[in-house]
Every structure is written in C-alpha cells, then in structure tokens.
There are 2 protein chains.
Amino acid sequence: MQEKINIGLVEDQFLFRQGMKAILSAWPDIAVVFEAAEGYTVVEKLKGSNVIPHVMLVDLSLPPDGAREFSGKEVTIALLKNFPDIKIIILSGHEHESFIAQLIESGAHGYLVKDCDPDEVHDAILSVCTKGSYINTRTLKAIQNNIGRKTKVHSIRSAVEQLTKREEEILQLICNQLTTDEIAEKLFLSPKTVNGHRNSLLEKTGAKNVAGLVLYAIKNGIAEVG
Amino acid sequence: MQEKINIGLVEDQFLFRQGMKAILSAWPDIAVVFEAAEGYTVVEKLKGSNVIPHVMLVDLSLPPDGAREFSGKEVTIALLKNFPDIKIIILSGHEHESFIAQLIESGAHGYLVKDCDPDEVHDAILSVCTKGSYINTRTLKAIQNNIGRKTKVHSIRSAVEQLTKREEEILQLICNQLTTDEIAEKLFLSPKTVNGHRNSLLEKTGAKNVAGLVLYAIKNGIAEVG
DNA sequence: CCGGAAACAGGTAGAAATACCTGTTTTTGA
DNA sequence: TCAAAAACAGGTATTTCTACCTGTTTCCGG
C-alpha cells in the first residue's frame, strides 16, 4: 500500500475545518495530520510537531485577529520560508481576482474556491504533490485578467508597487473617517506630509477618491468593515 | 425509533455544504433532505419538493449573484412568508453584529457562527425544534451591543431610519467613486438634488464623510468590495 | 382627502480633498 | 558606503464635499 499524503488545514471556521476533514478522510490516500485555526500559530505549531504535512490547505480569509495581521498571504510566506518543501493550496470564499494573483506570486502552489467539487480538492492535492502545482482554468483566467488590468489601470509601475508602512497606517485612519488634519495631529505630522501620503495612496492604488481608497483597503485587508 | 429531523442547507460554497452534510449526517436523529446553492431558487425549489425540511441552515453571506440581491436576509424573509413552519438558523462567517441583529429581527430563529463546534449545531437544531428558537450568549450580546449602539450613534431616529431607494442608489454610485456631478448626470438629476441625498445619507448613516458611507454600504450589503 | 415622506431643486459658505509642484532628512538595502 | 526609497514639509490652485438654509411636486397610507 502506498503511503498516505499528509494534509494540514489552516482554517478559522471550526465547522468548515471539520467538514473538510470529513471530506478528505473519505479518500484512502489522504490523512489530515495537522490543524490550526489562526495563522500566526501555524509555523510555531509545526515546529513542535513531528509529522510535517506534505500539503497545506490555507484559508485565504483568515481574520486578522487582534492587532497583528496574519492572513492567508502571511501564512503562505511564513510557511514557505520555514518549510520550503510544503506545498500550499489556498482556499478562498468570494475573494477578488487581484488577491489571488498576489497569492500565487507569493509562492502558493495552488488555488481553490470553497465553492468547488470535493473531487477537485483531491485532484489539486495530488497535482501539487506530483507536478508541484495546481492551476485550474478559472484561476489562470483570474490571474490573466488581473495582469491585464494591472497594465491599464494607471501606469505600469503604479499597480505593482505596494504601499509603505506609513501609507498603510494613513489609509487605515482615512478609513476611520479622519480628515487630513486629524491624521496629522494624531501622528504628530504636518498636514502637508499626510497630504503627500494621501496623494501617493491615490496614485498607487489607482483610486479616484476616498471611496476608492476605502474599497482598496478592505479588498486588501488593510481595513475592516466592522 | 423517533422520527428524524429534516434539514435543509442553503450555502453557496459547495465544499462547506458537503462538509456540513457530512457532519450533520453523523447524528442519527438528523437527515439532510434539501440543498441549495443560491438564495433566489430556494422557495421555488421547495415548492416543487415533497419533503419540506423542519430546519433550514442558511448562509448569511450568500453572494448577490448577478443583478438581483438575495442574501441570507432575503432568503429568511421569503422562507418565512411561504413556509411559516420552517425554523431558520443563520450561519455566518466573520459578519458584523449589526447585521446579526437585523437577521433576528427579520424572524430568524437562531444564529450560529461558522467557527462553532459541531455539537453546537446539533444543539441549535434541537433547540429550534423544541423551544422554537436558539440564541446563545454570544448572539444575545451582539444584539444587545447593537441596540445599545443604535441609540447613541446620532439621534434616536437616525440610526433606526433606513435608506430610501434613491438614497441607496446614490450611495452605490458614491461607492463607485463617482462625484456628485457625475451622479447627477448619470441619473438625469440636478447636482443639488444629489447633494441633498448625500446629506441625508450622512445624516441617516451617522457617517462623517465618504469613507464612512462606503463602510456603511459594505456593512449593509448595499455595495460590494469586488 | 389630508398629512407626511420622498424626491426634486435651488443658494451660500466654508471645509476638505485632489492635482500639481518644490525641496530636505532619514532609512534601508545592495 | 552609496544610491534609492521613504518620510518629511512646504506652496498653489482647483475641485469636491459638507453644512446649513429655502422651497415645490409627487406619491402613498391612514
């Protein structure tokens, strides 16, 4: 008998995790050997574990609990850094194409929507093990669309550039409905400086105004709705 | 042997649905007899069915496919109208308290977060069947918080009032990053009129500026992030 | 049929944001 | 250590938004 493929689950919703376990366990060639609900504990937990999964299924929309942000993207990067042999498949709900592309660029080996067939999960797992990656047509299209979009949004550079720490900070405060002057006061800066960052934000995100900035922030996990 | 409780699942994510089915089927007193992926087909499908579920588990975050919006809230209302005997339990991911309160007000009999224990699902199902409802402390707190919040946001009236059709329409366009003049042109209105609606929006939502409006829109399903 | 809400439209004023510049200092990475 | 990027700060001009008013018309429910 062939050795089983060891699977790790990173998913905050307990119900979904249990469900996935039930689904995966139905295949004789698959064993779920690791589970985690929060992103930031994954690497630590794995280091203390004696069984390292071959494939990790990571939920994209892990909530950024508390202060620290540790979404599916961060988990992917951290995992690849510490366990370069682990194959990573991203699971996502109703996410956005631009984000998927980012994930793949971050080094994820596969991508699945939660609204897929259980068989597809099995396929994906086998595929990342044997071929090293799994990209279905849907994902491919998303990536292509996104790349296509990138070049036409503003300039070739702008969309690829990512925000700096300060810019993210200010974007968050904008989402908190603070005005430029209020932000300046809060961060002990000149309003002119904040204004500069604001302009950079509009430039980099391709947003037309605050509405666009807020949407961008939410889409990219910089701000939350609640 | 006692009769089984018939369960219906309304959940767009196929994987989650399968998982839930697996979990639910593990209990001998429960049978999954109905499934739907989209909200707007539920009532129709049920009318054509000869087995009516006793309890419906409805995903709150059903995506508003295409033009028509038919989220968990609409499904709840439609179900209660057509099948008043069905008990409805809302399932939600990382949703917002204010929304939960709305759901309960819409007539849902119970509320569960997706990050709960499978046992809790079982408890909830039994509870809505025998006692007619299921509210855990977490939900109760959410509702109370929300009610508490309502009274202090702006005025007693403002937060309770809901937006008119026109206001929602304009809010959507604001989220699309249109300026007042652009909205006016698009809707064949005077910019002054749009301005008036804008002011009403700020007043009713308690938002301080567009950022607040966008957040409100997303929180209440009027606009989407993608 | 009447009252109230919604939608419409107008005005004035000031606050805030956006679009362009310019430059210096500090941090960081190759 | 050297160059690039980030953060900082300033100026000017214009657009857009927000906060107050005023009023009319239309439509719907009691």
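Chain letters run A, B, ... following the sequence lines, proteins first, then strands; residues in each count from 1. Because the structure is a prediction, the values reported are computed rather than measured.
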Take atom CD of B:Gln177 and atom P of D:dC17, then tell me their distance rounded to the nearest Å. 12 Å

Please list each protein N or O that sits under 3.5 Å from an N or O in nucleotides 26-30 of chain C, with the distance.
none

Pair A:Val210, B:Val214 - check side-chain contact (heavy atoms from CB on, under 4.5 Å), show working. CA-CA 9 Å; A:Val210 263; B:Val214 173; over 6 Å; no

Presence of B:Thr164 side-chain N/O under 4.0 Å of C:dA7 phosphate oxygens OP1/OP2: yes

Using a 4.5 Å cut-off on heavy atoms from C-beta on, say whether the side chain of A:Leu173 contacts that of A:Val194. no

A:Thr130 side chain vs A:Leu126 backbone, donor-acceptor pair below 3.5 Å: yes

Quick one: B:Glu182 CD to C:dT18 P, roughly how many Å, whole number? 13 Å

Would you kindly compare A:Thr180 and B:Ile170 by the position of their nearest DNA chain C nucleotide and give the one closer to the 5′ end? B:Ile170

Check against side-chain contact (heavy atoms from CB on, under 4.5 Å), A:Asn6 and A:Phe34: CA-CA 8 Å; A:Asn6 292 333; A:Phe34 177 87; over 6 Å; no

Return the polar atom pairs (N/O with N/O) between nucleotides 25-30 of chain D and the protein under 3.5 Å, or none.
none

Measuring only between side-chain heavy atoms, which start at C-beta, is B:Gln172 closer than 4.5 Å to B:Leu178? no

Closest approach of B:Thr179 to B:Glu182 (non-hydrogen atoms, all atoms of both residues): N-OE1, 2.8 Å

Which whole-number value in Å describes the distance from A:Leu201 CG to D:dC8 C1'? 15 Å

Please lay out, stage by stage, how A:Lys165 and A:Glu168 fare under the test salt bridge (Lys or Arg N to Asp or Glu O under 4.0 Å). CA-CA 5 Å; A:Lys165 278 224 146 66; A:Glu168 279 203 12; over 6 Å; no

Listed in order of residue number, which residues of residues 183-197 of chain A have a non-hydrogen atom at under 4.0 Å from DNA chain C? A:Asn195

Under the side-chain contact (heavy atoms from CB on, under 4.5 Å) rule, what do A:Ile7 and A:Ile125 come out as? Steps first, then yes or no, please. CA-CA 9 Å; A:Ile7 304 287; A:Ile125 290 171; 3.6 Å; yes

How many Å lie between CG on A:Asn209 and P on C:dA15, as a whole number? 22 Å

Rounded distance in Å - CG (A:Leu202) to C1' (C:dC20): 13 Å

Using whole Å, report how far CG of B:Asn199 lies from P of D:dC21. 11 Å

Minimum heavy-atom distance B:Leu46-B:Leu79, with the two atoms named: CD1-CD2, 3.5 Å

Between B:Arg17 and B:Asp12, the two heavy atoms sitting closest are NH1-O, 4.1 Å

I need the CG-C1' distance between B:Asp181 and C:dA9, as an integer number of Å. 14 Å

Nearest listed nucleotide, side chain of A:Arg198, among D:dT18, C:dA17, D:dA7: C:dA17

Determine whether more than 12 heavy atoms belonging to other residues, nucleotides or ligands lie under 6.0 Å from atom NZ of B:Lys208. yes

Nearest whole Å is fine: how far is D:dA6 C1' from A:Glu167 CD? 8 Å

B:Lys165, nearest nucleotide to its side chain (from C:dA16, C:dA7, C:dA6): C:dA7

Distance check, rounded to the nearest 0.5 Å: A:Ile218 atom CD1 versus B:Ile218 atom CD1? 3.5 Å

